[in-house]
Amino acid sequence: MRRYYTTLILSVCAVFGLSAQSTWSVPQDQKEKLNTIEFTESMEKSGADVFAGKCKVCHGVPGQNNFNALLNPSPGDPAGDKFQKNTDGELFYKISEGRVTMPSFKTALSKDDIWNIIAYVRSFNPTYVQETSEKIETNIPEGTQLAMDISYNTDKDVVEVLLTGTLNDITNPVGGVNIKLMAQRYFGNLQIDEAKSTNKRGIATFSWNKELPGDSLGNIELMASFVDSDIYGPLSSEKKLVIGKPNNNPPLNKGRAMWNTVKKAPLWIIIGYTGAVLIVWIFIFYVLFSLKNIFALGKESISEDEKLI
Amino acid sequence: MSSEQSNKSNAPKKSKGLNSRRDFMRKIGLIGAAATTGAVSSGFTSSSSANNEYVKVLTSDNKLVEIPKSQVQEVKLNTAALQSRGRIGIPGKRWVMVIDLAKCRNARECIKGCQEHHHLHPYQYHINTLVMQDNPQSAPYNMPKPCMHCDNPPCVSVCPVDATFKRQDGVVLIDNERCIGCRFCMAACPYSVRVFNWEEPFQAQLYKEEPMEYDVETNIPQKKGTITKCLFSADCLRDGELPTCVRACPNEVFYFGDQNEDAVTNGTTRQTVVLSELLEKNAGYRLMEELGTKPRVYYLPPKDRVFETPEKPDNHHS
Amino acid sequence: MSGHNIKFNKEKLDKIATDVLKPLGFNGAFKVWMSFLTVALLACLYAYSIQYREGLIVTGMRDMVSWGMYIANFVFFVATALVGMLISGVIGLLGYKWIKPITRIAEIIAVAFAAVAGLVIVSDMGRPERLLHVFMYGRVQSPILWDVTVVTTYLVISTLLYLLPLIPDLAIARGRGHEMPKWQAKIYELLSFNWTHHPKQYQLLFKSTRLLFILVIPTAFAIHTVTSWLLAVNSRSGWDSTIFGPYFLTGAFVTGMAAVVIAVFFFRNSYKLREYLDDSLFDKMGKLLEFVCVVYFYFNLNEFVVPAYKMKEFDAVHIHELFVGKHAIMFWFSQICGLIIPMIILLWKPFRKPVPLFIISLFVIVGAWLKRYIIVIPTMEHPFLPIQNLPNEWIVYSPTVIETMVTIGSIIMGVMIISVLAKLFPVIPIWEMAEEEDQNEDKTTKII
């Protein structure tokens, strides 16, 4: 019972808490974020597709004010003033991170997808003039070929990602770059540890939960990539390492069970059923055999006084 | 077997290349078939095309091979092939679903997506959203109810003809080419998830115009006089995609994944989390644990809800 | 029994044979009766053809109440069929001789109802043309497979129990030159298996029937226990009960006895067999009915009082619906008029006279049918999870006209089988009735 009261109180608090928190503050650096290229019609179009799939359910069709008004905080019409007052960076941040009833889309959608949605939403604002940003400067010289390598450090029992850059045939480690490490799962990648920055030797070290299952031999497919892929590019590296817990779970339909197929039925039920049927039918056939004998006896000649009737 | 298994567990690569290749093959129904190795399984209908290039194809035992394009035969799986594939399931997997009750606002997008996917009448639900109230004092909440895909499924136990069955990956399917329509499974299911085709199916007209092979993993075409039920979108799982309802939800309610990988992926945000942690932290539970059905669907309690509570259900338990 | 020395009273035999063979033959009245039944059956078959074409949508069943009147009717038919075992098997093996005149009537009912039960279950199938799948892909774990097996076995045993004792009678009829059409004579010849009243033939017959009497008991127990398990293996309030097997079995005895009383009453009057189906026989049948009613009442007490005492959440809903809810009238009618009142008044001898007993049996059998209905339907109306987002007419079950006609059709079929058998063959075993009573039979007092 107590659990339900707690639930009730918590949900009430949550609802009040939300209404109070109607402004959504975005970190300053994120606010100023801009796309590097100008929105095109094709971007708007693919943005419209994504919008229809992911956003329409709550936000409705932009400009028609048919968003779901029952939600708190209100999703609002993306074509409306309140929406359009956001900077591009704010929109990007809000779509990426989400808040309360608004899901986070940073994994579900690519950065390009999010920019396309913004392009689409902006197309409903005739007064909007897009600003674009310059390419962000990095400490890595122009033209450097970056390479990542994942390895397992036996001594420290950690996974290391080595980032190197090659310029004019000279290869050097690259430090100060944020790298995230993911483990492949069937429907998506699971982040291992937190994002780590490469050190002076170009190495980022990751530790992981030793219970994480791998395949039957303990292999886990790992994937390293840049946190800021829009700065360093979409480079990623994959490697299979034996760092997982070997997983040898048998197929779920392996053992004998009442619900399994006939071949995997519990033995007692197979024996019981066939045994009972056999016994009864042996007797039935015995009776049928007697009938045959009765029939045969009828062919024997018999005197009248031998007859019972 | 072990080498094959290790091979298979790595098969669902999520890198772009393989994914698109899988998508490509799914779209044209291409299954690896090299004439030299005789890998064309019986039960396929085929039509050949000639060219001199080499192409990469995935064989039916999940091996990637390169063969001359001239020897590639586009095959369409027929009902029998789809049935045998559907009964075997996907090795090394134990599908599991987690439903976060705190997030459900009864948007009914899961129902819509599901009914479209499986060609259901508007009154037929593979997944239904119920308004629940555990006791008179507690607040009502929305509860999406798919099939529980129990590990001790009472519905499968009672089936007289092996029409409904449980596969190695945990999915409970129904073969409507086998089903005799006795409805024992409906009586046996304590969660009332099974649905019967009382009349001609919703898309009967479509089936008449464009006859299609029966796929046991989508249960399409639906058939009058047979059972249909939630299939965890087994066809999507084969293609490395989340089930339809999971993808359709706009409110982060559904997580789906492989228990063997201890990971589930949220259908809305696509974030992958550790299953055991998710259940531990949120006190995940299963429906009617006392019946011993061992469901593969977990619920996270409706705590810290972000949506308003629904109205009290008027037909509680009746 | 192999040393059974059988003696016949020839005079008695003459008289019995004449009396019993006289009403046989397809006379005018019978033809009118059968034409009436045939027309009615055709109408019902037409109703079934609609169901076959349109699907089960034409019934009142929907996803929540997915089993309805058909299953209830099936349970009723199986229950009634069990009387063959009760009379021939249990009472016969106990050595009671008074059942002799009604053994064949009981077996006719057993054969007819077991045969129709098999058909009734097919009418409930969504894909009846796939019936063979049960034999091709049968799962040994499914109670339906057990049910198919035992219904078939019981039908075979009952048919044998009907046919075997019939052999000497057919031979007697032939030997006496009883007038009959050619086709009927052919059947008599075929089914009398060269019967020459050879003592060895009688020996074989005794041995076989005795074996079948023993065999029919576990088979009959199995058939109705398995039928009860079709419901009891499901975790649903109202079905989830450990006493469902015996509860059904004892209920079946009540139903079957009532059916036998009705049939015997009918033959007594229209076949003019008062001499053999006499008042003392009805008195004994009344006592037997009383006995099985008491046993059944005891199981009812257990079945309803225990959950009603605890009132667990879902049991409470179920009990409430039965006791005071929308099934209350049916429930109390079947309990009071179909069980409790008969059980009380049968204690007095006047109520065990033919006419009162006949009327009581009518109430019992109607109550028994309704009882099966309220065993099946209310439970399905109350699943564990709330029923929501379904069309209103999908939640409450009410049988449709088509469904009712198909059900009536099954009853007509049962009556037709009984009618044909009763006009084709003697309804009272002639030779057994003419058997000389063994003089040194034990004289211990018997209750019934």
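Within the 4.5 angstrom heavy-atom criterion, only side-chain atoms of B:D162, from C-beta onward, approach chain A. Contacts of A:M102 with chain B are made by backbone atoms alone, with heavy-atom separations under 4.5 Å and no side-chain atom involved. Looking at A:N209, only its side chain comes within 4.5 Å of chain B, counting heavy atoms on both sides. For chain A, the nearby parts of B:Q271 are the backbone and the side chain; heavy atoms of each come within less than 4.5 Å. Residue contact with chain A, scored on non-hydrogen atoms closer than 4.5 Å, is absent for B:R108. With a 4.5 angstrom heavy-atom cutoff, B:V274 touches chain A via backbone and side-chain atoms both. In this structure, the portions of A:L190 lying under 4.5 Å from any heavy atom of chain B include both its backbone and its side chain. The contact between B:D169 and chain A is made entirely by backbone atoms, counting heavy-atom distances below 4.5 Å. A:L70 touches chain B through its backbone: at least one of N, CA, C or O sits under 4.5 Å from a heavy atom, while the side chain does not. For B:T265, the part lying near chain A is the side chain, with the backbone staying farther off; criterion is any non-hydrogen pair under 4.5 Å.
For NZ of A:K264, the number of neighbouring non-hydrogen atoms (other residues, nucleotides, ligands) closer than 6.0 Å is greater than 12.
Take B:C185 and apply the side-chain contact (heavy atoms from CB on, under 4.5 Å) test, not counting sequence neighbours, and it matches B:C155, B:R194, B:I227.
Between atom CE of residue A:M148 and atom CD of residue A:E238 there is a gap of 11.0 Å, rounded to the nearest 0.5 Å. Taken from CH2 in B:W95 to NE2 in B:H149, the straight-line distance is 12.0 Å, to the nearest 0.5 Å.
Between A:W268 and A:Y273, the gap from one ring centroid to the other reaches at least 6.0 Å.
Contact annotation for residues 103-111 of chain A against chain B (heavy-atom separation below 4.5 Å, listed by residue number): A:P103, A:S104, A:F105, A:K106, A:T107, A:A108.
Looking only at heavy-atom pairs under 4.5 Å with chain A, the residue among B:N260, B:D262, B:N266 that has the most is B:N260.
Between the side chains of A:N66 and A:H59, no donor N or O sits under 3.5 Å from an acceptor N or O. If you check the side chains of A:D77 and A:Q64, you find no donor sitting under 3.5 Å from an acceptor.
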